[in-house]
Novice: 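Please read through the structure below; I'll follow up with questions.
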Amino acid sequence: MPSFIKALKSQVGRKYVTGITGVFLMLFLIGHLGGNLTIFAGVHTFNNYTHHLENLGPLLYVIELVLAFLFIYHAVLGISIARNRKKARPESYNVYKTKGGPSHQTLASRSMAITGVIILVFLVIHIWQFKFGFGEELARYTHEGVDLPQLRARVIEAFTNPVSAFGYAFVLAMIILHLSHGFWSAFTSLGMKHGETSKKVQAAAYVFAIVLMLGFMFIPLYIFFTGGDGSLISY
Amino acid sequence: MSKDFTVHLKYWRQNGPDAKGFFEERTLNTVNEHMSFLEMLDVLNEELQLEGKEPVEFDYDCREGICGCCNLVINGQAHGPKGGTPTCQVHMYNYKDGDTIVIEPPRAAAFPVIKDLVVDRSAFDRIIEAGGYVSVKTGSAEEANTHPVEKHKSDTAFDYATCIGCGACVAACPNASASLFTGAKIAHLGLMPQGEVERSKRVVAMVDQMEAEGFGDCSNFGECEAVCPQEISISAIAEMRKDYVKAVFS
Amino acid sequence: MKLDSKVPEGPLEEKWSEYKKNMKLVAPNNRRKYEVIIVGTGLAGGAAAASLAEMGYKVKSFCIQDSARRAHSIAAQGGINAAKNYPNDGDSIYRLFYDTIKGGDYRAREANVYRLAEVSNNIIDQAVAQGVPFAREYSGLLANRSFGGAQVSRTFYARGQTGQQLLLGAYQAMMRQVQEGGIEYYTRHEMLDVVMIDGQARGIVTRDLVSGEIKSFEADAVILATGGYGNVFYLSTNAKNSNATAAWRAHKKGALFANPCYVQVHPTCIPVSGDYQSKLTLMSESLRNDGRVWVPRKKGDDRHPNDIPEEERYYYLEERYPSFGNLVPRDVASRNAKMVCDDGLGVGETGLAVYLDFRDAIKRDGRDTISAKYGNLFDMYANITGENPYERPMRIYPAVHYTMGGLWVDYNLMTNIPGLFSAGEANFSDHGANRLGASALMQGLSDGYFVLPATIGNYLADVKPGTRYGTDHEEFKKAEAEAQAEIDKLLNIKGKRTIIDFHRTLGKIVWDKIGISRNKEGLEEAIKEIQALREEFWTNVFVPGDKNNYNKYLEYAFRLADYFELAELMAKDALQREESCGCHLREEYQTEEGEALRNDKDFAYVAAWEYQGVNGELKTTMHKEDLNFEFVELKQRSYK
Ligand SMILES: Cc1cc2nc3c(=O)[nH]c(=O)nc-3n(C[C@H](O)[C@H](O)[C@H](O)COP(=O)(O)OP(=O)(O)OC[C@H]3O[C@@H](n4cnc5c(N)ncnc54)[C@H](O)[C@@H]3O)c2cc1C
Ligand code: HEM
Ligand code: HEM
Ligand code: SF4
Ligand code: F3S
Ligand code: FES
């Protein structure tokens, strides 16, 4: 039987890996959304939450490394699959049209690589912005005897800026697109058969993508439209 | 008698694998709704020959939807506008007076053009060669009814086994992947008890070959199922992937 | 020439086992020293290639299509017979043998047919072992159905795609041998000639259909499994690339061609809709189980069929053959359809069609039941004609379907040329004057999987291993030069008429005068017309393109050239056979009720023709192989 490494490099293996990394990334997103929504749960909750994360110490690095690995592996495979397309069909059609019916060719599926790259670019900016504050040291304060990072303020401040707020909204829309195909596709990559279940999974994919992203989108848009210091958010 | 009508054709011309291809255009005034698509091309070729010109080459044999020779991409769709139908079973009543019809060969690096609309699909043979069979010696087979096979299993295997090897799945797949073709054979043989034994060996060899031939990856576009004249489900691809993982961990 | 069928002595049931007991063998380590060329990858050729390669012979396999899997056998729908007697309805090898001999109207060789019935069971075992997904019962055991008027259920099937599934089984077995190096595999190669050295078949000359290159291949034996010649008729149910070239070229080199006039016409095909028609599509005969065949009683009645009242409908099969009704055999159904159309009662735009009406069946069983039985056939009909057969009767017409004639072979499937074998539809062997449904698949696979593997060894045991003359031998060079010259000649005519036009015209002559029914006058006319058309072909055909590239029209022209000669031979054969038998109806020889009248006293023989050149006329001599029936009694058919 093939060695594990060879299997990972095969077409089927690669697809499994995009699927599996994709699933983990989705799980991360669920967690990340949960954490982020604590922004609305009182002044210190979010900061406390990030503080807990900080306290994980070396474990945090491990998690971050895993996360980086997932993103990079997923992205590298995704891009390589998309690039193989050109190799496998050097001369493209003059006219091309889907037949519809059982086809899953949609705007979403056709633009996975594009939405993916947008996500990737976004990530660099995003982490630079929130984790490294564009190079600015993160302010800290003490609450109930605990030393907390002023991350919530950073987020809120960021989203009062329209470029930031709408930029995020745009990227989140791209993620909706990515996931509306990706969710179903991952199941398929991992061996789901087709028929009734598959249709339900596709429906679930839309629900999942939209709910998750609306959740995310709520944050920048709410903050922006309430001017950063609206009623919910008070220091 | 039904009346003749006119279509504008735009078809691919290419004199050989390395020659540069181009589109040629021609208007055909004697199209009849009862004609099959290939008969329409016959008529085109008759006209061309009467003018002393070279006819357009296209591949066909059975003209009844089973040999898998005819695979043209018509207005951007492999095997034309109807689902579950190969090119030779598309009839001209699907078109109307004045329509423009663009005809291209199935395009894929693994299917080099031989001439005009004819391509070389021997890559499919080599995928089957890699393992798409049951290794049984002729003359030594046991009594046919020794192993009962559950009806639904055998019926499902049959669904996969109906692949006609036309290559439309490759032609339509945005990645030019041969996963449906390969998966269909793997699923067919894997579901029959006779094919069970060699399951792991088969899937690995066939997947390797598919890749070596230069077909693209599968991104689950499902377009292959939509154009497959036998309407083979992409569950075949799922079967292939499952078998592959089993092979790796066994 | 004395034709020796080489049928082994002894009782019928023991001939084949005795043969196998006594045949000469080639030792396994010697087998790889022998090369065998197999032309054709249908059921016969594919099965033979897989089996011989597996035994250790070096096989070279050739086909016209881009893959072995596309051979015309792929199109067979209905099923394959075997005497398994799974339904326990009294079937046996003897009964299958008897039905087949009788179905062939006693014009086949007893010993061959018995052997066919005998190995039929092994075919099913073999196919199942290859993973062929035959239809099964809920018990998981194999299902059977009855087919073509048989009184027992002995037909194995895989929905309407039996030929496809069996061929894919053989093809996959073949591809396994390609990988293991037992088979050298040449697709898109057309055989243009056989090459004989010292009176033995030693190789072939082919044209690479992609590059146009003429190439020779050498071997110790050559098998032609190149299918039937139904395409002489231009329109038939055969695939467009089916042709007679390989068999005809062998014939020109001295191989006898047997019974060319035995051509089967299938009664239930979708009718012709216009001149552009290129191909006829068969619909399963099973439709006649529930559909009723009729035409309007009044000539030129162009009312909608549903508006024609019962008493004005002529259910001609039911009226003429009350006990069999719509289920009369293929030849009877076809002949009657043509007769009513010739009388001007035909329906549809061309007047060449009869109705096959499901109205009563739908009323009786309900639309769902009918749809469950025939849904896919109805869909196919609707797709092709654009009409809905649930609401309007289908239109059907007979079409040429199978050719019983072919290269003459002995019990070993060897032609009269040593080392040249023929299998499947390409030979004349097992079907006599008429083929029963579901028996061609059986014959092809029997020849390929079981008969040839035994008989080839028996032949090769006498050939010195490693005998090689090299393809530079003058016989090869001569054959190559001839093939090249013919191609050049065709390309240089640069005439005014297209190839298809010639073929269409030839087809019309053959269909009208050597088709469903024949008479002396018509046959003599046909011969004259064919000769004249052949003459014109060689001076006025337009063959486009060049020879060093893919050129389907050049291939076509080359094949058509052979049809012109074969068509004349068919007419001559039909002319000499002054009797009606099986599919061959000579109008002069009918009973008072208009039924076929066989003449066993004078015509119980195989007519095997020897080619002697064409000079305006086809020169040919007939040799007879008398058919001796030791085990069955000859009976007149009656379907009244
Ligand atoms: C529509 C249809 C339905 C049928 N249904 C049934 C059925 O239900 N049951 C049944 O028993 N029979 C059926 N038959 C008959 C049966 O399918 C055929 O008789 C049988 O398959 C012939 O097999 P074969 O191997 O002899 O030849 P084929 O399958 O015709 O193969 C011929 C091979 O020879 C090759 N070849 C030909 N000429 C050359 C050349 N010059 N050079 C190189 N290669 C060449 C071709 O490429 C091909 O590979 C049906 C036939 C038709 C047309
Ligand atoms: C939050 C981040 C992301 C999530 C949750 C995610 C999720 C997914 C999922 C579930 C799939 C389906 C996997 C499969 O079909 O097997 C997928 C596919 C894909 N992803 Fe992502 N993805 C993310 C980020 C990215 C990034 C950063 C890129 C690239 C730059 C990318 C590129 C792709 C591509 C190209 C595919 C399609 C793969 C194919 O064609 O087979 N994704 N993604
Ligand atoms: C409104 C939306 C979002 C908000 C408010 C938000 C907020 C944050 C914040 C505050 C951090 C810094 C955490 C820290 O330094 O500990 C962070 C990190 C991160 N975010 Fe987001 N985020 C959002 C959307 C996203 C999306 C859509 C993705 C993925 C595609 C994403 C991926 C990440 C990653 C990978 C990190 C780095 C994690 C680490 O290094 O620990 N975020 N986010
Ligand atoms: S899977 Fe379908 S589309 Fe692909 S080769 Fe087979 S029949 Fe053609
Ligand atoms: S269209 Fe292509 S991407 Fe996969 S599902 Fe079909 S092979
Ligand atoms: S020509 Fe055979 S499938 Fe179309």
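This structure is a prediction, so every number in the text was calculated from the model and none was measured. Each chain gets a letter, A, B and so on, in the order the sequences are listed, and its residues count up from 1.
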Novice: Can you tell me which portion of B:F23 sits under 4.5 Å from chain A's heavy atoms? Options are side chain, backbone, both or neither.
Specialist: side chain
Novice: B:Y244 side chain to A:Q11 main-chain N or O, any donor-acceptor pair under 3.5 Å?
Specialist: no
Novice: Check each atom of A:K87 against the heavy atoms of chain B and say whether the ones under 4.5 Å are side chain, backbone, both or neither.
Specialist: backbone
Novice: Tell me, side chain or backbone of A:R110 under 4.5 Å from chain B's heavy atoms, or both, or neither?
Specialist: both
Novice: So for B:E239, is it side chain, backbone, both, or neither that comes closer than 4.5 Å to the heavy atoms of chain A?
Specialist: side chain
Novice: Considering only heavy atoms and a distance below 4.5 Å, find which of B:P81, B:A205, B:A108, B:A172 pairs most often with chain A.
Specialist: B:A172
Novice: Is chain A contacted by the side chain of B:K82, its backbone, both, or neither, given a heavy-atom distance below 4.5 Å?
Specialist: backbone
Novice: I'd like to know which of B:Q77, B:K10, B:E225, B:E231 tops the heavy-atom pair count under 4.5 Å against chain A.
Specialist: B:Q77
Novice: In terms of heavy-atom pairs under 4.5 Å with chain A, which of B:S235, B:A110, B:A238 leads?
Specialist: B:S235
Novice: Between B:P174, B:G216, B:A176, which residue shows the highest count of heavy-atom pairs closer than 4.5 Å to chain A?
Specialist: B:P174
Novice: Taking side chain as everything from C-beta outward and backbone as N, CA, C, O, which of these in B:S219 sits under 4.5 Å from a heavy atom of chain A? Side chain, backbone, both or neither.
Specialist: both
Novice: Does A:R89 use its side chain to pair, donor to acceptor, with the backbone of B:A171 at less than 3.5 Å?
Specialist: yes
Novice: With a 4.5 angstrom heavy-atom cut-off, could you sort out which part of B:E104 is near chain A: side chain, backbone, both or neither?
Specialist: side chain
Novice: Less than 3.5 Å apart, any donor N or O on the side chain of A:S109 or B:N220 sitting next to an acceptor on the other?
Specialist: no
Novice: Has A:Q105 got a side-chain atom pairing as donor or acceptor with B:G222's backbone, closer than 3.5 angstrom?
Specialist: no
Novice: Check each atom of A:S189 against the heavy atoms of chain B and say whether the ones under 4.5 Å are side chain, backbone, both or neither.
Specialist: both
Novice: Where on B:C224 is there a heavy atom nearer than 4.5 Å to chain A: the side chain, the backbone, both, or neither?
Specialist: neither
Novice: Is any side-chain heavy atom of B:V248 closer than 4.5 Å to a side-chain heavy atom of A:K6?
Specialist: no
Novice: When rounded to the nearest 0.5 angstrom, what is the spacing between NZ in A:K9 and CD in B:E211?
Specialist: 10.5 Å
Novice: Among B:N75, B:V102, B:V227, B:V203, who wins on heavy-atom pairs under 4.5 Å with chain A?
Specialist: B:V227
Novice: First locate atom CG of B:D217, then atom CG of A:N84, and finally report the distance between them rounded to the nearest 0.5 Å.
Specialist: 5.0 Å
